Amino acid sequence: MGRIELNPARPLARDPAFARYSRAEVRSVDNKTMARLLSETADLLEIDNADSFRIRSYRRAADAAEQTTVDLVEAAGDAARLMEIDGIGKGMAARLQSMARTGSLEQRDELLKKYGGGVLELLKLPGMGPKTVALLWAAAKIGSIDQLWEAIGGGRLNGLPRMGAKQVERLRKGIEDYRRSAGRFRIDRAAEEAERIAAYLLKLDGIDRVTPAGSLRRGRETVGDLDLLATGPACEPGRTEAAVAHVAAYPGIHDMIVKGENKVSFHNGEGMQVDVRLLPTASYGAALQYFTGSKGHNVALRQRALKMGYTLNEWALARLDDGSAVAGASEEEIYAALGLTAMAPELRENLGEIECAARGELPQVIALEDIRGDVHMHTTASDGRSSIREMAEAAAACGYEYIAITDHSKNLAMTGGIGREAGVGADRGGAGGGPRAGGPDSRVHRNRGRHSGRRDARPCR
DNA sequence: GCCGTTTTCGGCCCGACTGTTTTCAGTCG
């Protein structure tokens, strides 16, 4: 078994959650995909003005699919097992089975035929809900963000119900904001995809190591393209045929962009571009440095190399006079040859880190081990999924010194809320997959990672 | 569409806020 790492200092392969993941068979449909299909169906049904309780059932099923510890594809052969999951009845069990078999959901496909896929994107605009989407569709056949943009420019929204000047301006600004962030993916989603693909790549004898590079490795909040660097005997020049074929056979590929000798690029089902590069071991460090970036950091680093009589590219750090390689197998030796302390990827944004490294005064990056506590936790007293005791025990297992329970008050009625009689807020699963007192799912609240300020949502190593 | 119960059918979460309208509809959490 080879290695997968987000940061060489913290190999993911040691992560128990990851270890479980890497053993799983890579499939194009999983629990998360099913949850998304169900949730989108609920959105489309709302636009279609379907029965609100039927819509709620789809949302509950989506939440159930997202949260359950049951592998739905594996369980799909037994409807009774699916129906043991809270929120999954006879109808939803059949839909889960169908999704496991075909990768799609018939109800969703039919509604998409009627309205087009653009309406799901419209819902991502702030202040845009299903009623407004339905209104725009009925009044002006607006079914996408581009069409809405044109309609706003042409003044075609004037006179529509609830479309005053403020609302139109809000939509216009919402589109501008959306377009600025479009095409990028949250780091947690990119990391999940990186782990999934890396686990698949490592199944080939001859690929020993896979490392995500780019903005994912630098810990940015969002990722554009996903860069994965692979090394091993099957990645050496002239011997990459089997590795290229293996990458190209990855089941999550939606469409192929490039298939060359050293690089395979494709889009996955979510539209994320993935670049897999096969690299010789001798150049691994240079390539890792080059593809990790950032662009500004690399430009500054190359300028420093030139001043020192070197040239730096993705293959090696080499002398300018005779072209002989000075370093390339590891990042550390490249930085050392340039008179710099090796630095964490998170620091490489050309914000003075090169000058600091030259002086030996690099700041220390906060690591998971530095987190001492968590001050935002919800429990089954409101909309969390674990009891205070379970939360405290999980925190203790992480080595935390303190936690703060921050349950909702009863003013936020949909979450149950503390201040009510014991059990009132916990006896039913509410919207958003609400509390389940005594339920089998003892995972900590999903907000934990976010509010801890970590990019890695996992609570423990 | 699910759940609990009445084993066949009724019930299913709620308030603040905003914009638009003038008492309400829609979104958000």
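Since the structure is predicted, the reported quantities are computational estimates derived from the model, not experimental observations. Keep in mind that the numbers below use all heavy atoms, side chains included, and drop hydrogens, waters and symmetry copies. Reminder, nothing fancy here: chain letters follow the sequence lines and each chain counts from 1.
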To the nearest angstrom, how far is A:Asp63 atom CG from B:dG1 atom C1'? 14 Å
Taking the C1' atom in each of B:dT8 and B:dC2, what is the distance between them to the nearest angstrom? 14 Å
Among residues at least two apart in sequence or on other chains, which ones pass side chain to side chain donor-acceptor pair (under 3.5 Å) with A:Glu46? A:Arg59
Taking only the C1' atom of each, what is the distance from B:dT5 to B:dC9 in whole angstrom? 9 Å
My understanding is that only residues two or more places apart in sequence, or in another chain, count here; which of them pass salt bridge (charged side-chain N to carboxylate O under 4.0 Å, His left out) with A:Asp225? none
Between P on B:dG1 and NZ on A:Lys90, what's the gap in Å once rounded to a whole number? 12 Å
Rounded distance in Å - NZ (A:Lys131) to C1' (B:dC28): 15 Å
For residues 110-121 of chain A, dump all side-chain donor-acceptor pairs below 3.5 Å to protein atoms at least two apart in sequence or in another chain.
residue: A:Lys114; atom: NZ; partner: A:Asp48; partner atom: OD1; Å: 2.7
residue: A:Tyr115; atom: OH; partner: A:Asp48; partner atom: OD1; Å: 2.4
residue: A:Glu121; atom: OE2; partner: A:Tyr178; partner atom: OH; Å: 2.8

Residues at least two apart in sequence or cross-chain that pass side-chain contact (heavy atoms from CB on, under 4.5 Å) with A:Leu351, listed by chain then number, are A:Glu349, A:Glu353
Separation between OG1 (A:Thr68) and CD1 (A:Ile88), nearest 0.5 Å, reads 8.5 Å
Which listed nucleotide (B:dT27, B:dC3, B:dG1) is nearest to the side chain of A:Tyr58? B:dG1
When you measure from every atom of DNA chain B, which of residues 149-169 of chain A have a heavy atom less than 4.0 Å away? A:Arg162, A:Met163, A:Gly164, A:Ala165, A:Lys166, A:Gln167
For A:Lys173 and B:dG19, what is the distance between atoms NZ and C1' respectively, to the nearest whole Å? 17 Å
Within residues 111-128 of chain A, which residues have any heavy atom lying less than 4.0 Å from an atom of DNA chain B? A:Pro126, A:Gly127, A:Met128
Scanning all shown strands, the Watson-Crick or wobble mate of B:dG1 with both distances under 3.5 Å is B:dC12
State which residues pass salt bridge (charged side-chain N to carboxylate O under 4.0 Å, His left out) with A:Lys32; sequence neighbours excluded, sorted by chain then number. A:Glu192
Excluding sequence neighbours, so at least two apart, what forms salt bridge (charged side-chain N to carboxylate O under 4.0 Å, His left out) with A:Lys173? A:Asp177
Compute whether any side-chain donor of one residue and acceptor of the other, for A:Thr41 and A:Arg108, lie under 3.5 angstrom apart. no
Suppose you measure atom C1' in B:dT18 against the same atom in B:dT23; what distance do you get, rounded to whole Å? 15 Å
Between A:Pro130 and A:Gly89, which has a closest nucleotide on DNA chain B that is more 5'? A:Gly89
Taking any heavy-atom pair under 4.0 Å as a contact, classify A:Ile55: base, sugar-phosphate, or nothing. nothing
On a whole-Å scale, what distance lies between the C1' atoms belonging to B:dT21 and B:dA25? 10 Å
What is the separation between atom CG on A:Leu135 and atom P on B:dG26, rounded to the nearest whole Å? 9 Å
Indicate yes or no for a side-chain donor-acceptor contact from A:Asp407 to the backbone of A:Thr379 under 3.5 Å, with no hydrogens or angles considered. yes
Applying salt bridge (charged side-chain N to carboxylate O under 4.0 Å, His left out), can you list everything that pairs with A:Arg348, at least two apart in sequence or on another chain? A:Glu331
Taking atom P of B:dG29 as reference, at what distance in whole Å does atom CZ of A:Arg59 sit? 13 Å
Which residues in residues 42-54 of chain A have a heavy atom closer than 4.0 Å to any atom of DNA chain B? A:Asp51, A:Phe53, A:Arg54
For A:Leu38 and B:dG1, what is the distance between atoms CG and C1' respectively, to the nearest whole Å? 12 Å
Looking only at atom P, what distance separates B:dG10 and B:dG15, rounded to whole Å? 26 Å
Measuring only the P atom in each nucleotide, how far is B:dT20 from B:dC12? A whole number of Å is fine. 34 Å
What is the separation between atom CD on A:Glu84 and atom C1' on B:dC3, rounded to the nearest whole Å? 16 Å
Taking only residues two or more places apart in sequence or in another chain, which ones pass side-chain contact (heavy atoms from CB on, under 4.5 Å) with A:Ser52? none
Got a sec: does the CD of A:Glu221 have more than 12 other heavy atoms crowding it under 6.0 Å? no
Salt bridge (Lys or Arg N to Asp or Glu O under 4.0 Å) pairs touching residues 124-142 of chain A, sequence neighbours excluded, are none
